[in-house]
There are 2 protein chains.
Amino acid sequence: MKTNQVINPAGLYEFQNESLNLLTSVLGVSKAVSYIVDEQARPICYKTYHMQSSMHREYMETYHKLDPLHPTQFSEQDATVVKMNDLVSTQNRYNHPYYTNFISPWGVQDIVELFLRVDNRLVAGFALFISKQQSELRSADINKAEQIHRFMQFSLEQSYSSPKQAQFDHFCTAFQLTPKERMVVQLVAQGLPNKTIATDLNCSLATIKTHLQHIFAKLEVNSKTEVASLLYQTH
Amino acid sequence: MKTNQVINPAGLYEFQNESLNLLTSVLGVSKAVSYIVDEQARPICYKTYHMQSSMHREYMETYHKLDPLHPTQFSEQDATVVKMNDLVSTQNRYNHPYYTNFISPWGVQDIVELFLRVDNRLVAGFALFISKQQSELRSADINKAEQIHRFMQFSLEQSYSSPKQAQFDHFCTAFQLTPKERMVVQLVAQGLPNKTIATDLNCSLATIKTHLQHIFAKLEVNSKTEVASLLYQTH
DNA sequence: CTCTATATCAACCATCCGGTTGATACCGGT
DNA sequence: ACCGGTATCAACCGGATGGTTGATATAGAG
């Protein structure tokens, strides 16, 4: 039972929306994706901005394995803002199927990835897509992204020590919820339907239903609305 | 649009549970019922203690019209604790169908009713049932009931000026919810299924569904869980 | 090396819920 | 006298949800 030591991404979901909004409105990007990183360093809870769902599906099914900016590559590093075209030489890029078969056909020229960490652990990431129609990213743009990253990192640390977060943690530990169950509760508290929760957590509807059964049993309730209600009443 | 002036029973439901628990655990009663009183002085949201559901059904269908302690009788008075056997003479009691056909067959000897008011308006009531097996209520018992009533009245006034109540009111007025819609939202926030909400509000399932459609439209959501979620997020 | 906890998924069924349409009734303001 | 807002109810449909059973896989504890 190591539930207590787990860093729980409660509150991250709202943070994620706000951050994605900030990034896409300030920087000139054609598409963007944000995600949470779970304890196994795997990205979950994708939120997209101006990205075709078919493109995202392609990534999820195939190209995530080839992604040079995939979070698993960076979980042990301290990289914050990484530009794909800096990471991969022009030569290698044109031989790289990730570039030739996926990024390029979708009209993308470059990708800038921002990583957020708490206690040195990678907890969230943002991928900003630069289209071929745009000019090459200048150092000024990268600088902007770094400044925004700095503030997001600050904001994230605030979120982790907020009373709301503490309250949520207390709630979850009081009912002895497992890490996955906590995430489900978090999404239930957003009022999301099961299907969306399954998509967000990158697992099947059946799994979510099983998690929900366990949550219902632990909280002694029998509907998602009651779960949200309990959270509301516990403040 | 007189929504703003309406006294809204938000938070009353929790209060109701706590009060019923207090009364039944401290005083020697065989059954008890509590209810909220709406703007039309009609009782809604019944909560029962040790009362057979068939007895309550009989009351709801027939005998509420004959009830000498019915809240409509007391909405304009300032009565607080009323003992039925003090109100109705022994002679009249034995000719009264409410007593001979309803109360007596269910083994009840006497009823003590407690009324709670805010700004002189009757907002909630509690009926305590004394069984025939119990000794006649002594003045000491009535005194206890009056002391408890005093504290309940105090507590109720606190509830009405609590931040939680203010927050809820602000939430409802922000979305321009009608009085009935507020009550529905209040019950949704308890995580209750529609059927229970209908029973509580003493109207049909269809009516609740219509109210919910209006609420969904006003809050721009499309599920009850999202309503609870919105309330939770708004603190 | 078991055994338990956790996480994953499938299939089934009954019920609940959301969405819609349409209808009646009451009240208050124009 | 008419109209808009509120409250009430009915009937229908399809999809979402809750409940159950059973199964597999992995990891950590004893």
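Proteins get letters first, then strands, A, B, ... in listed order; numbering begins at 1 in each.
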**OP:** Compute the bend angle of the helix from dC1(C)-dG30(D) to dT30(C)-dA1(D) from the end axes (five pairs per end), rounded to 10°.
**Re:** 50°

Original post:
Is there side-chain contact between Ile208(A) and Lys195(A), with at least one heavy-atom pair below 4.5 Å?
Top reply: no

Which residues pass the side chain to side chain contact (heavy atoms under 4.5 Å, CB included) test with [X], sequence neighbours left out?
{"X": "Thr62(A)", "value": "none"}
{"X": "Ser30(A)", "value": "Phe129(A), Ser131(A), Gln134(A)"}
{"X": "Ala174(B)", "value": "none"}
{"X": "Asn17(B)", "value": "Lys47(B)"}

Got a list of protein N/O to nucleotides 24-30 of chain C N/O distances below 3.5 Å?
none

Original post:
Which residue pairs satisfy the ring-ring contact (aromatic ring centres under 6.0 Å, His included) criterion with at least one member in residues 190-214 of chain B, sequence neighbours excluded?
Top reply: none

**OP:** Grab the CD1-C1' distance between Ile208(B) and dG19(C) for me, whole Å please.
**Re:** 17 Å

**OP:** Sequence neighbours left out, what pairs pass salt bridge (Lys or Arg N to Asp or Glu O under 4.0 Å) with at least one residue falling in residues 209-226 of chain A?
**Re:** Glu181(A)-Lys218(A)

Subject >> Test side-chain hydrogen bond (donor to acceptor under 3.5 Å, both in side chains) applied to Gln77(A) - qualifying residues, sequence neighbours left out >> reply: none

Subject >> With Ser19(B) via side-chain hydrogen bond (donor to acceptor under 3.5 Å, both in side chains) - residues at least two apart >> reply: none

Atom pairs and distances, side-chain donor-acceptor, residues 51-58 of chain B, under 3.5 Å, sequence neighbours left out:
residue  : atom : partner   : partner atom : Å
Gln52(B) : OE1  : Lys31(B)  : NZ           : 3.2
Glu58(B) : OE1  : Trp106(B) : NE1          : 3.4

Original post:
How does each nucleotide of nucleotides 7-26 of chain D score, in 5' to 3' order, for protein heavy atoms under 4.0 Å: base (B), sugar-phosphate only (S), or none (-)?
Top reply: SBBB-B----SBBB------

